[in-house]
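One structure below.
In what follows, chains carry the letters A, B, and so on, assigned in the order in which the sequence lines appear, proteins first and then strands, with residues in each chain numbered from 1.
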Amino acid sequence: MVPKLILIINYNKKMNEQKRVVGLGFPSISTNFGDFPIDIAAEIGCEAIKEFLKLHKEFDFKLILTEQDSKVLNVFELKWKEIKDDLEDFKFQTKKGNLLQLKSDLRIECRFIVVETTWRMKPGTNQLSKQIFDALGSKLHEELKRLYPKPGIVGEAYPVKIPKDSDLHKSEGIEQIIFVVSPNMNPSRPDPISLEKAKELLKKTYDSILNAFWELTNGQEYRSITTIKDNVQEVSAFDILMKSASKPSFKISPESSRRTPSKVGSGGWNNVLLPYCQKPEMFPKSEVYYYDNEFVIIFDKYPKAKNHLLVIPRKQIDNIGELKKQNLELVRALKEKGQWVIEKMKQENPKLFFRMGFHAVPSLRQLHMHVISQDFISPSLKNKKHWNSFTTEFFIDVEEIERILEKQGEVKFNKAYYEDLLKSPLKCHLCDAKSIKFIPDLKKHLEEHWNES
DNA sequence: GTTCTAGAAC
DNA sequence: GTTCTAGAAC
């Protein structure tokens, strides 16, 4: 009898490659000065954290709850153990200590920390914020006032960059502070609210914090993370309309949420579109314009024109290179959704006209169709690559993809050829006579076209 | 995809 | 002084 072979599998070392984990340090929100009951706060906090970590599973985030009071930490820890499921332990930890000395005291580096403040965002409203303003001087207050001149709203997050030459940055590795206006139930402080109301707002506060953290870790500039839309009437009517348009048959396959080995180092910036497909409902209306079971339509984070959206199938498809003849129906459905959104946009600004299509060599994973107005007036349009990616052959109309699929059954491009196109000299897409050398001149030229139209 | 930086080119 | 370019880092 032949002895059984024992195979020793050598796991590729790359699987364990060091990745830079991004940290967020935060206190237990509302339980210090807001009089919010700790057990309920822990439940709300842990649930929000769990939702966030599950949604962004492929990212190595570590969320560090830091408090001086071990009692609070214990309550959170117990709650977390109860609900954490299969989430890795390092992703959420509780630490006894000072949020501003995580690195020097505990060797934990958090590039972002959360500090509670009041609606006035005044310095020194609590001990932690006092320490921060002591450390950073009046500059931080000025910066806060500059960025957020309006009063803070309860439940919202307000990130601020801190100076690179400050001790907090140099010795503690803190890059940004996310100020939050947290709900208050303390009757000795102004405007205490009921537990019911506070519960709702605490959840919103955690969501805002995590949303801000998510945006900041993807190379965003800081800005107020607003989730409020005051016209509730309009939103709900819109939702109803959307629901009736959706088809209930489609389910996301479990594979679509599997961990994808990131081609790039840490963070996985090229995967940023995936969470929108997995859980579009988690994102504010300012990011997700529409979703149903099959598609998500989001606002491009760096719009290259007055209107720039992405229509994305929720089913996992990396790029146009994966499309086969049997995907023709999907491409046509993308086009239809695109046409629908163009109509919507035109209702608000009839001057606009649009193109919809794909980049020949996209940077981001997950098939996405650009729907972009042809004014190209936007501060995010900054360089030649941006311009050429929408105005040369590099941009492929959806109809062209349709034709290629019909004829050839697949879409295969010469990558080098298309990448070279991005270096072409600047040329106006409307009047071919004029040759323009510099981006600032092009932008002025585009403004003229817009004003004439 | 973006930001940041340094150096070159204008 | 301004703008572009290219590369690294995220």
Review point. Roughly, in whole Å, what's the span from NZ in A/K385 to C1' in C/dG7?
Key: 12 Å

Check your understanding: Can a side chain N or O of A/H359 be found less than 4.0 Å away from OP1 or OP2 on B/dG1?
Key -> yes

**Study point:** Side-chain donor or acceptor of A/K427 paired with backbone N/O of A/P425 under 3.5 Å
**Key:** no

Check your understanding: To the nearest Å, how far apart are A/W214 CH2 and B/dG1 P?
Key -> 16 Å

Review point. Over how many whole Å does the gap from A/L274 atom CG to B/dG1 atom C1' extend?
Key: 13 Å

Show me the protein contacts with nucleotides 4-6 of chain C, counting only N or O atoms at under 3.5 Å.
{"residue": "C/dC4", "atom": "OP1", "partner": "A/I439", "partner atom": "N", "Å": "2.5"}
{"residue": "C/dT5", "atom": "OP1", "partner": "A/K384", "partner atom": "NZ", "Å": "3.4"}

Review point. Are the ring of A/W269 and the six-membered base ring of B/dG1 within the stacking cut-offs of under 5.5 Å and under 30°?
Key: yes

Practice item. Mind listing the closest non-hydrogen atom pair of A/F353 and A/K346 along with its distance? Key: CA-CE, 4.3 Å

Practice item. Rounded to the nearest angstrom, tell me the gap between atom NZ in A/K161 and atom P in B/dT2. Key: 15 Å

Practice item. Could you tell me if the ring centre of A/F52 sits under 6.0 Å from that of A/F61? Key: yes

**Study point:** Euclidean distance, atom CD of residue A/E109 to atom P of C/dC10 [Å, nearest integer]
**Key:** 11 Å

Practice item. Please report, rounded to the nearest Å, how far the C1' atom of B/dT2 is from the CD atom of A/Q176. Key: 14 Å

Check your understanding: Between A/F92 and A/F76, how do the two ring planes meet: parallel, tilted or perpendicular, split at 30° and 60°?
Key -> tilted

Exercise for review: Go through the structure and list residues passing side-chain contact (heavy atoms from CB on, under 4.5 Å) with A/N414, not counting sequence neighbours.
Suggested key: A/A416, A/Y417

Point to revise | Separation of B/dT3 P from A/L381 CG (nearest whole Å) | key: 12 Å

Practice item. In whole angstrom, give the distance that lies between atom CZ of A/F112 and atom C1' of C/dC10. Key: 10 Å

Check your understanding: Just wondering, are more than 12 heavy atoms of other shown residues or ligands nearer than 6.0 Å to CD in A/E329?
Key -> no

